[in-house]
Amino acid sequence: MKGLPAFFAKRYIAGEERKDAIRVVRHLNSQGILATIDNLGEHVKEPSHAEDAVREYLSLLDDIRDGGVNSSVSLKLTHFGLDISDEIAEGNLRGIIKKASELNNFVTFDMEGSRYTQRTIDTFLRLHEKYTNIGIAIQSYLYRSPMDVRLLIEKGASVRLVKGAYKEPTQIAFPKKRDVDKNFEELMKSLLLKGNYPAIATHDERLINEAIRFADENGIPKERFEFQMLLGIKRKLQKRLADSGYKVRVYIPYGADWLPYTLRRLRERKENLFFVIKNLFD
Ligand code: FDA
């Protein structure tokens, strides 16, 4: 890793290789924190590259088992060929999910930009009919998400609720942060009440405190949901929640294709951006 983005990437990414991710997971596990590992990659255009991604994930699942670490896996459908065809992506995912199921592991589908939302949900639901060891991320910035969450609750699917990390037009997504946060809070409460082991994936302490208060008020036990955060963000909070008996899972990205993920993280942090710009002109 070289250059300025690489300087930031080191905070958010475990490294370029599988063994880097396993090492970070082992350290987190020793602090009572769970993990989900993501091999970075997206928008694959060649079937052979999607097959490489399948091989990488199959080896990752083996390494998780052989390393005796506690981690699920997360993935993006465009890494498995969704830009080529739904069938190719679904076929590739099936192999990974089947192996994860045999190893008693779990696969979460990340949610990408809005042009993939419907196809990601459709693919998820088709696979969920056969495999229950899969979950899916839903973004609270999209107007459609209450409808999607209702359907996924009905299907007994496990949802990871996130705010959303892509740039979306105002026709389909809330432009104001306070509306995204409000939608998050409402969806979080329905998932806590009626969802199947939801993941509250945010670093927003107000929302995390509200989840804790709401779960207490409604007699929802700590084992019925988990908090999820990203590697390199709010480390002390992760530890504090785990020490208080909450399940906390940290998302661990690794791989050579670290730039798009790093840029999404930088966009979320204005001060980081100022730092980048300042350094570009210094
Ligand atoms: P918010 O942006 O309000 O941040 C709350 C606080 O967290 C900030 O004030 C700051 O202190 C800290 N913080 C947030 N981002 C930071 C950063 N980059 N660097 C340093 N500090 C930061 N998105 C998506 O579209 N599809 C997906 O599949 C996923 N998957 C996913 C998994 C997991 C486990 C998490 C935690 C997040 C995602 N996301 C995602 C990303 C998500 O949509 C969102 O962009 C980020 O989590 C940032 O939003 P917050 O909820 O943290 O709130």
Side-chain angles (χ1 to χ4, degrees), residues 5 7-14 25 28 33-42 71-79 82 106-117 120-121 123-124 134-142 144-145 148 152 158-168 172-174 176-185 187-188 198-211 225-238 241 247-253 258 260-276:
F7 169 79
F8 289 106
K10 290 198 177 99
R11 168 177 180 181
Y12 297 117
I13 285 156
V25 173
L28 286 166
I33 296 173
L34 308 166
T36 184
I37 304 180
D38 169 56
N39 174 230
L40 293 162
E42 47 198 279
S71 181
S72 60
V73 299
S74 290
L75 47 78
K76 288 185 174 43
L77 270 59
T78 67
H79 196 183
L82 196 65
F106 194 84
V107 180
T108 301
F109 291 20
D110 288 347
M111 189 57 80
E112 300 175 73
S114 58
R115 69 192 160 110
Y116 301 107
T117 310
T120 302
I121 293 175
T123 306
F124 173 83
I134 57 175
I136 184 167
I138 292 289
Q139 299 150 326
S140 76
Y141 63 14
L142 294 183
R144 60 175 285 164
S145 289
D148 294 331
L152 290 161
S158 184
V159 172
R160 166 200 287 160
L161 185 62
V162 301
K163 290 189 186 176
Y166 299 82
K167 205 161 166 35
E168 299 291 359
I172 59 163
F174 294 107
K176 293 209 179 90
K177 180 169 163 36
R178 74 160 182 272
D179 295 322
V180 177
D181 292 356
K182 183 164 171 282
N183 204 29
F184 190 102
E185 185 172 334
L187 296 175
M188 172 180 91
I200 314 300
T202 182
H203 316 91
D204 186 328
E205 296 204 42
R206 189 192 71 75
L207 287 167
I208 290 172
N209 290 334
E210 184 54 18
F225 62 96
E226 66 183 37
F227 291 111
Q228 293 191 358
M229 294 187 217
L230 301 175
L231 180 65
I233 305 182
K234 298 265 168 107
R235 280 168 272 216
K236 286 192 192 129
L237 177 62
Q238 295 167 10
L241 288 168
K247 291 202 185 179
V248 178
R249 189 178 301 274
V250 172
Y251 185 102
I252 315 286
W258 47 265
Y261 179 90
T262 304
L263 292 177
R264 283 196 290 276
R265 299 292 76 82
L266 290 180
R267 228 187 0 247
E268 284 155 5
R269 289 294 277 164
K270 290 203 186 68
E271 65 251 44
N272 284 348
L273 265 186
F274 287 138
F275 190 84
V276 172

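One-based numbering, in listed order, for ligands and for the atoms of each.
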Nearest non-hydrogen atom to [atom] belongs to which of [options]?
atom: atom 1 (P) of ligand 1; options: Gln228, His203, Lys163; answer: Lys163
atom: atom 41 (C) of ligand 1; options: Met229, Arg265, Arg11, Met111; answer: Arg265
atom: atom 32 (C) of ligand 1; options: Glu268, Glu168, Arg160; answer: Arg160

Worksheet entry | Carboxylate-amine/guanidinium proximity below 4.0 Å for Glu42 and Arg264 | yes

Taking [Y]'s backbone N and O only, do any of them form a donor-acceptor pair with [X]'s side chain (distance below 3.5 Å, no angle check)?
X: Glu112; Y: Thr78; answer: yes
X: Tyr141; Y: Tyr166; answer: yes
X: Gln139; Y: Ser145; answer: no

Practice prompt. Just jot down the salt bridge (Lys or Arg N to Asp or Glu O under 4.0 Å) partners of Lys163, sequence neighbours excluded, or say none.
Written response: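 If we apply the salt bridge (Lys or Arg N to Asp or Glu O under 4.0 Å) test to Lys163, skipping adjacent residues, the hits are Asp181, Asp204.
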
Practice prompt. For Glu226, enumerate each residue passing the side chain to side chain donor-acceptor pair (under 3.5 Å) test, keeping only those at least two apart in sequence or located in another chain.
Written response: Tyr197, Gln228, Arg249

Worksheet item: Taking the inter-plane angle between the rings of Tyr251 and Tyr261 on a 0 to 90° scale, is it parallel (under 30°), tilted (30 to 60°) or perpendicular (over 60°)?
Response: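 Answer is parallel, since the angle falls under 30°.
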
Check ligand 1 against [X] and write out every atom of the ligand that is under 4.0 Å from a heavy-atom position of the residue.
X: Lys177; value: 1 (P), 3 (O)
X: Gly164; value: 25 (O), 42 (C), 43 (O), 45 (O)
X: Asp110; value: 28 (O)
X: Gln139; value: 24 (C), 25 (O), 26 (N)
X: Ala137; value: 28 (O)

Practice prompt. With heavy atoms under 4.0 Å as the rule, classify the contact between Lys234 and ligand 1 as side chain, backbone, both or neither.
Written response: side chain

Worksheet item: Hey, is Leu230 touching ligand 1 through its side chain, its backbone, both or neither, going by heavy atoms under 4.0 Å?
Response: both

Answer with yes or no whether [X] contacts ligand 1, where contact means a heavy atom under 4.0 Å from a ligand atom.
X: Tyr12; value: yes
X: Arg249; value: no
X: Arg264; value: no

Worksheet item: Do Leu152 and Ile138 pass the side chain to side chain contact (heavy atoms under 4.5 Å, CB included) test, and can you show the C-alpha distance, the side-chain angles, and the key distance before you say yes or no?
Response: CA-CA 10 Å; Leu152 290 161; Ile138 292 289; 3.6 Å; yes

Worksheet entry | Lys182 vs Ser140 side-chain heavy atoms within contact, under 4.5 Å | no

Worksheet item: Any N or O of Thr202 that comes nearer than 3.5 Å to an N or O of ligand 1?
Response: yes

